[in-house]
2 protein chains.
Amino acid sequence: MSSDRALSLLSRAPIFQNAREDDLLPLAALGHFSSLSRGQHLFQAGQPIESLYVVASGSVRVYRLARGGRRELTLHVEGPRQLVAGVAAFQSRAVYPAHAQALQTPTEMLALPVDAVREEVFNTPTLAQAVIGYFARRQAELLGRLDSLVFSELGERLAAYLLDHAADAPHALPTNSELAALLGTVPEIVSRKLGEFYRLGLIVLERRTVRVCDAAELARLAGSLEEGTTRKAGR
Amino acid sequence: MSSDRALSLLSRAPIFQNAREDDLLPLAALGHFSSLSRGQHLFQAGQPIESLYVVASGSVRVYRLARGGRRELTLHVEGPRQLVAGVAAFQSRAVYPAHAQALQTPTEMLALPVDAVREEVFNTPTLAQAVIGYFARRQAELLGRLDSLVFSELGERLAAYLLDHAADAPHALPTNSELAALLGTVPEIVSRKLGEFYRLGLIVLERRTVRVCDAAELARLAGSLEEGTTRKAGR
DNA sequence: CGTCAACTTGATTTTGCTCAACTACGGTGG
DNA sequence: CCACCGTAGTTGAGCAAAATCAAGTTGACG
């Protein structure tokens, strides 16, 4: 039965990890699964908000457009058990503030009606607490994005990305366009910078799979942010 | 008695607007007021979080530093009844993620111990609801900052600022350094752009007071974001 | 084998940053 | 009352990063 699957997914989602299964039952009963293929949209910015989603399998990219679609910025990429549109669901605004698109070919999503979720969260203190913690974490992440985008230049952001994703194991790179959206730039520049890192012997590229050779040097390139935050405070 | 003042401030703070006064009493009793003069720090990034604050009078700027202090980015400017460090208080991280500094010469703050606030919020469903709503709004604002910083260039951001603050009544500009921190750039560029707008007849400047003359043209300059979001969706 | 999308690369332009000089204004103390 | 100083503002010159435009190249797939 589909609501069994919904329940088991919900109870393992980080956002609901403190809830008793009983409290999740009504939500699980209201949820329904859907499946998307790569590139399909879960929702688009400006559509009225009806559901929030939990990723069951695959992954979803949440992004915003600008300059008439010429540029895009990826806000999050969410994998299994993660929430999509979780924050938007609790805003008074009635429309999604961003686009969401499946990245893999089957990407299965559990849709939950926002009203039911809101009611359930507000009536279950442990859930409310979990949601508050989740939002706070989310905001911390966003602040990090914000100042890396404002303060550091592309080389630093790319180096940080590589360290994050390919430090230990080799890593299959997304397309340059996706990388560009993640880093807040355009594909050409990503191509150039990757080429530069390769020529410097910092990374090895083979059929879109990247391996870090000189992690220390990459860290140095990525690191100008760290220095700033290490400064000792004083009044 | 000081806790009367605390109570009246708390009960009128937007974040607590749904709470009964009874629920706020214990917080009011634990809070204490302090006074800062312009430039003094309420806290610095990296200090352990002990309190969150409600502005009683004056205003406070929350900002981050980078490049060893050469650049700064103002995240929020909060006036009376607004919260400072409200989100940070609910993160598990133990230190403030940004700096906070008084902008006016008496700036009075009510400090509340984070533990007490957390407990109170988690035990009072209406408060939890208010906090969730507040966090969601906050995140929406941050997303707006994010994409204006990533997608639009300085002229657009400055035009948007002017429309926001000086569209109707004349407006006393902050110093160029403060404006630069708000817009994510350096004072020189602000000076140049303001001069440019003046030469184009879009604004009038007189002793650091600005008045908008040609709102329509400013809106056009600020507006390249709007166009993007108006596009019709379709796949 | 043809086509399409992604990637690469070069040339050019724009934007913003940095450095440095210079001006205007508001005190302060002689 | 005036010389002095410090801060904020303005402006110019040079430079670096990134965006843009425009070819080419490669590779996957039908």
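Lettering follows sequence order; numbering is per chain, from 1.
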Whole angstrom is fine here: how far is it from CD in A/Glu156 over to P in C/dC17? 14 Å
Point-to-point distance, once rounded to the nearest 0.5 Å, from CG of B/Asp147 to CG of A/Leu65: 10.0 Å
From NZ of B/Lys193 over to P of C/dC17, roughly how many Å is that when rounded to an integer? 11 Å
What about A/Arg192: does its side chain form a donor-acceptor pair under 3.5 Å with the base of C/dG10? yes
Distance check needed: D/dA16 P versus A/Leu154 CG, whole Å only. 18 Å
Is the B/His171 ring parallel, tilted or perpendicular to the B/His165 ring (thresholds 30°, 60°)? tilted
Does C/dA6 have its OP1 or OP2 closer than 4.0 Å to a side-chain nitrogen or oxygen of A/Arg207? no
Mapping A/Glu188 and A/Gly155 to their closest nucleotides on DNA chain D, which lands nearer the 5' end? A/Gly155
Checking contacts here: which listed nucleotide (C/dT18, C/dT8, D/dT10) is nearest the side-chain heavy atoms of A/Arg208? C/dT8
What is the distance from CZ of A/Arg38 to C1' of C/dA6, rounded to the nearest Å? 12 Å
Take the protein atom CD of A/Glu153 and the nucleotide atom C1' of C/dT18, then report the distance between them rounded to whole Å. 13 Å
Within the 3.5 Å criterion, strictly below it, is a donor on B/Ser148 or B/Arg157 matched to an acceptor on the partner's side chain? no
In whole Å, I'd like the distance from the CD atom of B/Glu206 to the P atom of C/dC25. 13 Å
Roughly how far, to the nearest 0.5 Å, is the CD1 atom of A/Ile203 from the CG atom of A/Leu218? 7.5 Å
Gap between atoms CG and C1', on A/Asn176 and D/dA18 respectively (whole Å): 16 Å
Out of C/dC7, C/dC17, D/dA18, which has the shortest distance to the side chain of B/Ile189? C/dC17
Is any side-chain nitrogen or oxygen of A/Thr175 closer than 4.0 Å to OP1 or OP2 of C/dA5? no
Of the candidate nucleotides C/dC17, C/dG16, D/dT20, which contains the atom at the shortest distance from the side chain of A/Val186? D/dT20
On DNA chain D, compare the nucleotides closest to A/Arg70 and B/Gly195; which residue's is nearer the 5' end? B/Gly195
Between P of D/dT10 and CD of B/Glu196, the distance in whole Å: 14 Å
For the residue pair B/Phe43 and B/Tyr96, categorise the inter-ring angle as parallel (less than 30°), tilted (30 to 60°) or perpendicular (more than 60°). parallel
Picking from C/dC7, D/dT10, C/dT9, which would you name as closest to the side chain of B/Ser191? D/dT10
For B/Ser177 and D/dA8, is the shortest distance between a side-chain N/O and OP1 or OP2 below 4.0 Å? no
